[in-house]
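Lettering follows sequence order; numbering is per chain, from 1. Note that the coordinates shown come from a computational prediction; the quantities given were computed from them, not determined experimentally.
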Amino acid sequence: MTTPQATDTSRLARRRFLQKLGLLSAATVSSGYTLIEVSAKAQAADDSQPTAQAVTAKKRWGLLIDTSKCSSGCDACVRGCNAEHGIDSSGDDTTRAQWIRKVDLEDNLTGKESSVPVMCQHCDSAPCVDVCPTGASFKRADGIVLVNKHTCIGCRYCMMACPYKARSFIHEVLTDQKPSAPRGKGTVESCTLCVHRIDRGETEANLQPACAVACTDEAHSAILFGDLNDPQSPIRTKIDEIGATQVRADLALNTGVRYHGL
Amino acid sequence: MNTEYTGHQLLQPGRPGYVFLLLALLAITVFGGYCAYHMEHTGHVITGMNNQIVWGLPHVFAISLIVTASGALNGATMASVFGVSLYKPYTRLSVVLAMVLLAGGLAVLVLDLGRPDRLVIALTTYNFRSIFSWNIYLYSGFMVVCLIYLWMMFERRFNRFTTAAGILAFAWRIVLTTGTGCIFGFLVGRSALDSAILAPLFIALSFVTGTAALALVMAVVAYLQNAALPGTVVEALGKLLLWSVIALVYFSIAHHLTNLYVAQHHADEKLILGKALGWLFWPGHIGVGIALPLLLLILRRKLSSADNRQLSPHHLLLASLSALLGGVVLVYLIVIGSQTAAQQLFPGKTVTASSFGDAGIAPYSATHWEWGLGFGGVGLSLLLLFLVLRILPVTPQPVHQAP
């Protein structure tokens, strides 16, 4: 049987224990807040981290390529893309990754020559998305077609299905990848429309993908990026002004990349 | 020598070749596994595949095995669904062969993935717009249906359900082969493959290669038991193979003639029928795959001696081997041939320069790693088969031998 004195002592001990537990909890929660705050600040400072803005279908990102401004010998867009995503341009052309390639053309009837960059056309009805067994190939609400590198099993069915031959399979071990462009052996990849820049939430003027920036730096300005849904955006204004077509328009895939002068 | 069969037994090898056969198949399978490991470790750069020829020789082996698996059920179907009793002793063998061939084909398919370690993702994450996803269900379902079918046959109490299980397996295999054909039937970006006729063509192909594989395996099993295939079975298999080849001829002709009618497919047909791949199409598909089996099966009466007008087992086996090889060549032409030509991105224009193979014909030469993986799948199938034959009473039991 416990005495009243013993009961008081045990109550006191319990009270002290609870007080300490409370202090410990407060310290844990506050330090957690501090950690989250520090993490958020670090995230904001790190360019590779996306912001928490939701992607919506209000925007549809796309490109307008003015072939009349594209020069045959110029591959600035390819170099810009490679530098931005850490793609090694050396090695075998048939096995290395090529997110953009330059294709020189000659019209069979008129003999007119043209040069065009070809990349993922970010189709609205993307065949690669349809055929992907795991759903790793997916289209975001804003129209950008991407590959989830965590669920791509490397079956290459998307490459068989893509009418634009816009995808590359990684045949070798890669090292020193960029945080903004996760890439790896045994998976498939393609142009992301520099989605990491978009997801940083910068102003539209700064959203231009690396290929467009490189083209502008080369004084060609043949690649214009923007919101195809916005009638007031520079890309839509330009399309309304000069006109544009889709590559393989007969397939009715409603591509996000449009060409003028093809 | 005439042999009759009643009932089933464990394989009783009457010849010493059985152990050597197992060891050879084990060696081939192990080498196939090593090739897969090396490909996984180093990357597909050691293969002949690249960003133009995306699916290479392992896919040819895998698809051939899967299509043949479906067709190997022919023996069981003839007995259970169409009531042809002379196939009855071979029903179990037919089902087991179908299962092991599918297992071998799927093993090659999975080990050729860029990330085979992510198989669990493929089995748990589905995109039901993809025929690949549907095929995962069709393939695993086929295994389950075959197991049920075998169970109904093994368990005396359930024998009365054998016909129902046989009909289910027959329906499933038709859907499965349609699914395999559809992998290639709806690729809008590749004009050589954008044809719905490929699905029935694959069914006809499965009848050819499946019947041929079953005939060859039945002959090997009989040989190992110091027995022979009965003349009536040889005759029946010959007829089945003959009509299967004729069906394949029909779909092959329809495929190419319709392509030749459509202007945008002319280039693809020129590629397959012309210089680039004609060297394989004409002697491989037409010569070995169609003409030789037809010759052996139709002219059997003239080829046989005057006192024996039946199809000889040798002619059947030669016709089967020929049809099987021709079938693999056809799969090669469909899988690889369709990728060798550059995709037409800009109709009405000629590509004068590109770093990504937008013009011309892409060469493809499979490396020994791909051959190893492919044959590893065949080895695995047959290794499983000859092990199962020693474990389960699947082999027809010869009861009467007379000179």
Between [options], which residue shows the highest count of heavy-atom pairs closer than 4.5 Å to chain B?
options                               : answer
A/Thr134, A/Asp75, A/Val131, A/Ile153 : A/Ile153
A/Arg167, A/Lys165, A/Arg96           : A/Lys165
A/Tyr157, A/Tyr164, A/Phe169          : A/Tyr157
A/Asp93, A/Asp107, A/Asp130           : A/Asp130

Please classify the contact between [X] and chain B as side chain, backbone, both or neither, with a heavy-atom cut-off of under 4.5 Å.
X        : value
A/Val188 : neither
A/Lys102 : backbone
A/Cys162 : backbone
A/Val129 : backbone

* Asked: Can you check whether B/His38 and B/His368 have ring centres sitting under 6.0 Å from each other?
  -> no
Checking [X] against chain A: side chain, backbone, both or neither under 4.5 Å from a heavy atom?
X        : value
B/Ile53  : neither
B/Asp112 : both
B/Gln343 : side chain
B/His59  : side chain
B/Ser355 : both

Tell me if the [atom1] atom of [X] is crowded by more than 12 foreign heavy atoms within 6.0 Å.
X        : atom1 : value
B/Trp134 : CH2   : no
A/His150 : NE2   : no
B/Lys270 : NZ    : no

* Going by residue number, which parts of residues 241-257 of chain A are within reach of chain B, meaning a heavy-atom gap below 4.5 Å? -> A/Val247, A/Arg248, A/Leu251
Would you say [X] and [Y] make side-chain contact, with heavy atoms under 4.5 Å?
X        : Y        : value
B/Leu330 : B/Leu201 : yes
A/Val103 : B/Leu345 : no
B/Asn127 : A/Pro133 : no

Once the angle between the rings of [X] and [Y] is folded into 0 to 90°, is it parallel (under 30°), tilted (30 to 60°) or perpendicular (over 60°)?
X        : Y        : result
B/Tyr364 : B/Tyr332 : tilted
B/His41  : B/Tyr37  : parallel
B/Trp55  : B/Phe132 : parallel

* Looking at B/Phe356, is A/Arg101 sitting on its ring face, NZ or CZ under 6.0 Å from the six-membered ring centre and within 45 degrees of the normal? -> no
* For B/Tyr126, all residues meeting ring pair (Phe, Tyr, Trp, His ring centres under 6.0 Å), sequence neighbours excluded -> B/Phe128, B/Tyr137
